[in-house]
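Before any comments, here is the structure.
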Amino acid sequence: MNVDHRVIALIDMDCFYVQVEQRLQPEFLGKPCGVAQYYTWKGGGLIAVNYEARDFGVKRGMRGEQAKELCPDFHVFHVQEVNGKANLTRYRDASADVFRVLNANYKLVEKASIDEAYVDLTEDIQRLKESPLKLTIDDFPSTHLAGFTTKTNDERIEIVNKWLKDCESDDEKRNYDLVLGAYLVEKIRKKVKEETGFFCSAGIARNKILAKLCCGFNKPRKQTILTHSDIDHVFDNTPVQKIQGLGGKAGDRVMELFKVDNMGQLRKYSLDALQASLGESNGCWLYNLVRGIETTPVSSRNLYKSISASKNFPGKTSLDTTEKVRSWCQNLAEEVFNRLEKDRAENKRRAKLLTVTCTSATNETIARSCPINEYSIDRFANDAYRILKQFNKSPSTSNIYSPAITNLGIGAGKFLDSVNSRSIADLFSKQTNKSEQIISTENTINWQEEDEDEDNEQEETITEKPPSPPVISPVKGDFFRKFQKNDEQMKTPAKIETKPSSSSSITSFFSRYTTNENSCNSIPEQSDDRYITCTKCNKPILAWDMPEHEDFHYARELQKEENKNTFQPATIIKPTKPMKRKNEKQQNDNHTLDAFINKKPKNQ
DNA sequence: CATTTTTTCCCT
DNA sequence: AGGGAAAAA
């Protein structure tokens with residue numbers, strides 16, 4: 001029962017941003033609409049278009065003005081602007097409305113994007129089986145079967161009815177849990193509509209990739225089931241790029257390498273053939289997928305791992321003075337701060353790492369990080385600006401910033417629960433009594449001191465609930481993310497491209513840019529108080545990595561403990577990796593991939 | 001000059 | 001840590 005007897009749904013809100021705006025202004029329901037960011041440049045760029053407008057050929061990415069030409073009745077909603085920057089808060093809040101409903105009804109919900117959720121229904125279906133119920137076509141008002149195109153509702157009913165009959169008479173009842181899954185999804189979608197006002201579509205299948213794929217087959221306001229027996233037929237008509245993870249360069253490479261354009265054509269390739277070109281992990285993943293097998297679990301995570309704000313400054317609008325850069329640091333810092341504060345209140349956690357990203361007019365992107373010691377707009381803005389100063393090539397006497405910045409972003413991540421994970425770990429580990437030296441340095445992550453009163457309470461209650469066991473992920477379905485291009489024959493001479501040599505990388509790297517203003521106080525030299533010595537392994541660990549590092553030790557201990565008692569039956573995973581032992585796996589992968597990448601000749 | 005703004009995950 | 005791919009509205 002481990003193989004793939006799960007039932008997974010992918011729920012996707014229909015043209016979500018448009019629905020959010022229409023909920024606020026219902027008079028636009030039923031009319032062709034879209035949501036655009038900004039408006040001065042050709043009426044803004046559309047990031048969402050509803051189905052009424054799509055009938056006129058309006059597409060995402062178009063300009064508001066262009067949409068008007070195609071569809072004179074088209075209405076453009078504009079994303080809220082704060083300090084001259086698009087602000088997506090309204091949609092994040094609406095997203096939270098949706099997830100409140102999903103989470104209230106199901107335990108295993110994974111937020112896949114602002115408007116998409118995976119739900120693992122397997123257990124709910126088992127429960128449902130205990131009290132049998134008689135389902136009729138009326139329980140499936142918006143359900144379709146993948147692989148069958150129906151023009152009319154009567155046709156749809158005929159198909160679905162036949163399928164329901166088949167499932168009942170099927171002795172093994174292999175498909176019956178998909179029936180129940182579709183039934184549950186009809187119900188949850190109705191509930192979402194009732195409680196949020198939003199319509200959605202859904203796909204129901206035995207794994208995430210298939211659920212995601214078939215969700216797109218009937219939209220909007222419909223759901224589609226993909227049964228095991230229909231997979232071959234569906235894959236014969238599924239372009240490679242339609243598969244999640246293969247929509248970009250990876251998919252192009254697969255098509256080129258194996259001379260295929262749809263998924264079905266990949267069936268004729270052996271596991272070895274796929275692995276030879278794609279590596280052990282990717283080859284295995286694809287081999288199984290083509291046969292309808294994919295084991296990536298639905299993880300129950302609702303919270304963002306990072307919060308960021310960024311803005312493009314294209315062409316003439318690029319940030320070419322220190323004042324502009326300073327000022328936008330302030331604006332972005334303000335947005336990040338506001339969202340971070342809200343997140344702290346709601347989720348009792350704090351971000352520990354601030355990351356500044358910027359793209360220069362030379363089209364080079366850099367990202368640099370520094371620890372967050374204190375939540376404040378000015379701290380974020382100052383830290384960001386101090387980092388950016390390092391990359392300004394103009395003399396400090398000038399107010400010119402060069403090369404000018406065409407994209408600037410500030411983000412925060414590495415969240416740490418205010419209910420400190422370290423104290424939890426300590427409570428459960430053997431030597432409880434020496435946790436004090438972990439956070440002792442002044443310059444490290446001492447935000448705790450401000451919150452002492454509330455922390456005291458929390459520590460008491462901790463003993464009550466044991467920490468959720470570390471999820472040791474099984475053969476995590478890997479995607480194809482290992483393809484890069486190296487075709488920078490461009491005229492842009494690769495600047496100072498003297499790789500930050502392997503040695504003292506950070507120091508040497510910055511030293512190249514500190515011609516003026518070497519008073520970069522918050523990014524200290526190598527007399528590093530950013531490092532803390534781990535008491536468990538005696539290795540120097542970056543301060544902001546310490547909590548994770550601690551978790552690592554903790555998880556390891558737990559695992560040791562568990563291995564004493566239970567024996568792990570080696571992951572039962574299907575007909576996967578036969579030969580190929582662990583012996584040179586790494587070398588093998590790298591080798592084939594390198595050859596693979598370098599081989600690519602045509603790339604204009 | 002111009003889809004833009006996010007977010008996550010993988011590779012090195 | 002930092003760069004980049006992929007995906008979504």
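All values below come from the heavy atoms of this structure, side chains included, with hydrogens, waters and symmetry mates left out.
Judged by ring centres under 5.5 Å apart and planes tilted less than 30 degrees, A:W41 stacks against the six-membered base ring of B:dA2.
When each of A:A112 and A:A86 is assigned the nucleotide of DNA chain B bearing its nearest heavy atom, the one mapping closer to the 5' terminus is A:A86. Where A:T40 and A:K111 meet DNA chain B, the nucleotide closest to each residue was compared, and A:T40 sits on the side nearer the 5' end.
Out of B:dA2, B:dT5, C:dA8, the shortest distance to the side chain of A:D115 is found at C:dA8. When the nucleotides B:dT4, C:dA8, C:dA6 are ranked by their closest atom to the side chain of A:A250, C:dA6 comes out on top. You'll find that the side chain of A:R339 is closest to B:dT6, out of B:dT5, C:dA8, B:dT6. Among the nucleotides B:dT8, C:dA9, B:dT3, the one closest to the side chain of A:R63 is B:dT3.
Between A:S308 and B:dT7 there is a side-chain polar atom (N or O) within less than 4.0 angstrom of OP1 or OP2. Considering only side-chain N and O atoms, A:Y91 lies nowhere under 4.0 angstrom from the phosphate OP1 or OP2 of C:dA8. Here A:Q66 does not reach the OP1 or OP2 of B:dT3: none of its side-chain N or O atoms lies under 4.0 Å away. Between A:K311 and B:dT4 there is no side-chain polar atom (N or O) within less than 4.0 angstrom of OP1 or OP2. Here A:N312 does not reach the OP1 or OP2 of B:dA2: none of its side-chain N or O atoms lies under 4.0 Å away. The phosphate of C:dG3 (OP1 or OP2) has a side-chain N or O of A:R368 nearer than 4.0 angstrom. Dashed line: the shortest gap from a side-chain N or O of A:R253 to OP1 or OP2 of C:dA5 is not under 4.0 Å. Remark: A:R92 is in phosphate contact with B:dT6, judged by side-chain N or O atoms under 4.0 Å from OP1 or OP2. In this structure, A:K249 reaches the C:dA5 phosphate: one of its side-chain N or O atoms is under 4.0 Å from OP1 or OP2. Here A:K85 reaches the OP1 or OP2 of B:dT6: one of its side-chain N or O atoms lies under 4.0 Å away. An OP1 or OP2 oxygen of B:dT8 is reached within less than 4.0 angstrom by a side-chain nitrogen or oxygen of A:S306. For the pair A:K305 and B:dC9, the criterion of a side-chain N or O lying under 4.0 Å from OP1 or OP2 is met.
Using a 4.0 Å heavy-atom criterion, one finds that A:R301 contacts the sugar-phosphate atoms exclusively. Note on A:L408: nothing from the nucleic acid sits closer than 4.0 angstrom, heavy atoms only. Across all strands, A:A309 comes closer than 4.0 Å only to sugar-phosphate atoms, never to a base (heavy-atom distances). A:D252 comes within 4.0 angstrom of nothing in the nucleic acid, heavy atoms only. No contact: A:Q241 has no heavy atom under 4.0 Å from any strand. In this structure, A:K212 reaches the sugar-phosphate backbone alone: every heavy-atom distance under 4.0 Å involves primed, P, OP1 or OP2 atoms, never a base. Counting non-hydrogen atoms under 4.0 angstrom, A:G61 reaches a base of the nucleic acid.
With rounding to whole Å, A:E110 atom CD is found 13 Å from B:dT7 atom C1'. Between the CG atom of A:N87 and the C1' atom of B:dT4 there is a distance of 14 Å, rounded to whole Å. For the pair A:Q37 CD and B:dT6 P, the computed distance is 8 Å after rounding to whole Å. The CG atom of A:L340 sits 14 Å away from the P atom of B:dT6 (whole-angstrom rounding). Between A:L353 atom CG and B:dT7 atom C1' there is a gap of 16 Å when expressed in whole angstrom units. In this structure, A:R60 places its CZ atom 13 Å from P of C:dA7, rounding to the nearest Å. Summarising the geometry, the separation between CE on A:M62 and P on B:dT4 is reported as 16 Å, rounded to the nearest angstrom. Counting to the nearest Å, the P atom of B:dT6 and the OH atom of A:Y38 are 8 Å from each other.
Taking a pair to require two hydrogen-bonding distances under 3.5 Å in either a Watson-Crick or a G-U wobble arrangement, B:dT3 remains unpaired.
A donor atom on one side chain and an acceptor atom on the other are not found under 3.5 Å apart for A:K324 and A:S318. A donor-acceptor contact closer than 3.5 angstrom is absent between the side chains of A:R90 and A:Q80. A donor-acceptor pair shorter than 3.5 Å cannot be found between the side chains of A:S95 and A:D93.
Under a 4.0 Å N-O distance rule, the pair A:E335/A:R339 qualifies as a salt bridge.
Counting non-hydrogen atoms of other residues, nucleotides and ligands closer than 6.0 Å to CZ of A:R221 gives a total of 12 or fewer. Residue-environment remark: OH (A:Y39) stays at or below the threshold of 12 foreign heavy atoms within 6.0 Å.
Ring geometry, A:Y17 versus A:Y91: the interplanar angle falls under 30°, so the pair is classed parallel (tilted spans 30 to 60°).
Of the P atoms belonging to C:dA9 and B:dA2, the separation is 25 Å, rounded to the nearest Å.
Evaluated for a side-chain contact (heavy atoms from CB on, under 4.5 Å) with A:N87, the options A:V79, A:N338, A:V82 yield exactly one hit, A:V82.
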